[in-house]
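So that the names make sense, note that chain A is the first sequence line, chain B the second, and so on, each numbered from 1.
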There are 2 protein chains.
Amino acid sequence: MASRTAVKEHDAAREHDHANCRALGQILDRVGDKWTVMAVGALSRGPLRFNVIMREIGAVSHRMLTLTLRALERDGMVTRTAYATIPPKVEYELTDLGRSLIEPLRVLSGWAVENQPTIETARKHFDEAARHLEGVPA
Amino acid sequence: MASRTAVKEHDAAREHDHANCRALGQILDRVGDKWTVMAVGALSRGPLRFNVIMREIGAVSHRMLTLTLRALERDGMVTRTAYATIPPKVEYELTDLGRSLIEPLRVLSGWAVENQPTIETARKHFDEAARHLEGVPA
DNA sequence: CAGTATCCGATTGGATACTG
DNA sequence: CAGTATCCAATCGGATACTG
C-alpha cells in the first residue's frame with residue numbers, strides 16, 4: 001500500500017502545481033497586458049499625475065493608460081486621488097499591495113535582463129534553421 | 001554642483017528602471033500569453049509527449065498548444081524530439097534556460113496565491129462602489 | 001499521434017473627438 | 001488636465017478538417 005500512498009502524494013503535488021499555475025495565469029492575465037508593468041514601474045518611485053505617467057511610459061495612448069490605471073485601482077493596487085482644481089489634477093499612487101508586487105516583478109525582470117542575449121541567440125538559430133528547411137538551400 | 005550630480009544619478013536610475021521595465025515587458029509578452037506558463041508548469045516535472053501536455057493543461061486547443069510549444073522552442077526554452085515511429089511520438093523537454101525560468105515564475109505564483117483573496121475583495125468593493133454611483137441608489 | 005491550413009468570432013488597442 | 005465614447009484595424013485563439 002506504500003506505493004498507493006506515494007501515487008496519491010504525487011497526484012496531490014501535481015494538483016497543487018496545477019492550482020499554482022492557474023493562480024499565476026490569472027495574475028499574468030492582469031499584469032501581462034501591454035502597459036501594466038510600465039505603469040507600476042513608473043509609480044514605484046512615488047505618486048504621479050496622469051500625464052506624468054503617460055510621458056514616462058512614452059508610447060501609451062491616453063485611452064489605454066486610463067484603462068490600465070482603472071484596472072489597477074479595481075484590484076486595489078493603486079489609489080486614485082482627484083483634486084477638484086482647475087485644471088483638474090489626479091494623482092495615482094501604489095498601495096501596499098501594489099508595492100508588494102514590485103519585488104516579484106523585479107525577480108522576473110532580473111531573469112529577463114540576464115537571459116535576453118541567450119534568447120536572442122536561440123531565436124536567430126531557430127529562424128535560420130527554419131529558413132534552411134524551406135527555400136534557401138534549393 | 002553636487003545637486004546637479006544628484007539629478008544626473010537620479011535620471012540614470014530612472015533610465016535603468018525603464019530599461020528593466022522594457023525587458024520585463026518583452027518577456028511578459030512571451031510568457032504572459034494564455035498557455036505558456038501552463039506548458040512550462042507541465043514540463044517542469046520532466047519531458048512529456050504532446051498529447052500528455054495537452055491533457056495536463058486541459059482546456060487548450062491542439063492548435064494553440066502547437067504554437068505555444070513552437071514559440072518556447074524558438075526561444076530556446078524547450079527542446080523538441082521527434083521519433084519516426086508509427087504512430088509518431090514527439091517529446092518536449094525544458095532546457096536549462098527553460099528550467100531557470102521556473103524559479104522567478106514560482107516567486108510570482110507565490111505572490112499570486114498569497115494575495116488573490118485581497119484582490120478579490122478589492123474588486124468586490126470597487127464594483128459595488130461603481131454600481132452605487134449609477135443606477136442603484138436612485 | 002502530431003502538425004498544418006483555413007475559417008471566423010472575439011478581443012485588443014490606437015486614433016479621434018467630445019465633456020467637465 | 002483627465003476621462004469618456006466611438007470607430008476601426010490588427011491580432012488572438014477556438015473549431016474543424018486534412019496530412020504524414
J.: Want to settle it: does A:Pro88 or B:Tyr92 sit nearer the 5' end of DNA chain C, counting the closest nucleotide to each?
T.: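 The residue mapped nearer the 5' terminus is B:Tyr92.
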J.: Rounding to a whole Å, what distance do you find between A:Asp33:CG and C:dG14:P?
T.: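 Those two atoms, CG and P, are 10 Å apart.
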J.: Calculate, to the nearest 0.5 Å, the distance between atoms CZ and CG belonging to A:Arg55 and A:Leu48 respectively.
T.: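 Here the rounded value is 10.0 Å.
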J.: Please tell me whether B:Leu101 and A:Val107 are part of a single hydrophobic cluster in this structure, the criterion being side-chain heavy atoms less than 4.5 Å apart.
T.: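 B:Leu101 and A:Val107: separate clusters.
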J.: Are B:Tyr92 and B:Val60 co-members of a hydrophobic cluster defined by side-chain heavy atoms under 4.5 Å apart?
T.: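 The answer is yes; both residues are in one hydrophobic cluster.
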J.: When the distance from NE2 of B:His62 to C1' of C:dT6 is rounded to whole Å, what number comes out?
T.: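 After rounding, the reported distance stands at 15 Å.
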J.: If you find the nucleotide of DNA chain C closest to B:Thr66 and the one closest to B:Arg49, which residue's nucleotide is nearer the 5' end?
T.: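 Nearest nucleotide further toward 5': that of B:Arg49.
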J.: Phosphate oxygens OP1/OP2 of D:dG3: is one of them under 4.0 Å from a side-chain N or O of A:Arg80?
T.: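 Answer is yes, contact under 4.0 Å.
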J.: Round to the nearest Å and state the distance from A:Lys34 atom NZ to C:dT11 atom P.
T.: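 Rounding to the nearest Å, NZ of A:Lys34 and P of C:dT11 are 19 Å apart.
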J.: Expressed in angstrom and rounded to an integer, what is the separation of A:Ile53 atom CD1 from D:dC1 atom C1'?
T.: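 So the CD1-C1' distance, A:Ile53 to D:dC1, works out to 13 Å.
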J.: Which listed nucleotide (D:dG14, D:dC1, C:dG3) is nearest to the side chain of B:Arg70?
T.: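 Of the options given, the side chain of B:Arg70 lies nearest C:dG3.
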J.: For B:Met64 and D:dT11, give me the distance from atom CE to atom C1', rounded to whole Å.
T.: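 Answer to the nearest Å: 11 Å.
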J.: A:Val113 and A:Val37: same hydrophobic cluster, using ILVMFWY side-chain contacts below 4.5 Å?
T.: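 A:Val113 does not cluster with A:Val37.
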J.: Please determine if A:Glu128 and A:Arg123 form a salt bridge, counting it only when a charged side-chain N lies under 4.0 Å from a carboxylate O.
T.: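 No salt bridge links A:Glu128 with A:Arg123.
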J.: Hunt down the Watson-Crick or G-U wobble partner of D:dG13, both distances under 3.5 Å, from any strand shown, or write none.
T.: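 Across all strands, the one nucleotide that pairs with D:dG13 is C:dC8.
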J.: Which is true for B:Arg63 with a 4.0 Å heavy-atom rule: it touches a base, it touches only sugar-phosphate, or it touches nothing?
T.: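 Base: the residue B:Arg63, judged by heavy atoms under 4.0 Å, touches a nucleobase.
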J.: Could you check which nucleotide pairs with C:dG20 in any of the strands shown, counting Watson-Crick or G-U wobble with both distances under 3.5 Å?
T.: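 Paired with C:dG20, as far as the under-3.5 Å criterion goes, is D:dC1.
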J.: Rounding to an integer number of Å, can you tell me how far A:Leu28 CG sits from D:dC12 P?
T.: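 Going from A:Leu28 (CG) to D:dC12 (P), I get 17 Å.
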J.: Rounding to a whole Å, what distance do you find between A:Leu133:CG and D:dG20:C1'?
T.: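 After rounding, the gap between these two atoms is 16 Å.
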J.: Report the distance from atom CE of B:Met54 to atom C1' of D:dA15, rounded to the nearest whole Å.
T.: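 Spelled out: CE on B:Met54 to C1' on D:dA15 is 11 Å.
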J.: When you match A:Lys89 and B:Trp35 each to their closest nucleotide on DNA chain D, which lands nearer the 5' end?
T.: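 Comparing both residues, the 5'-ward one is A:Lys89.
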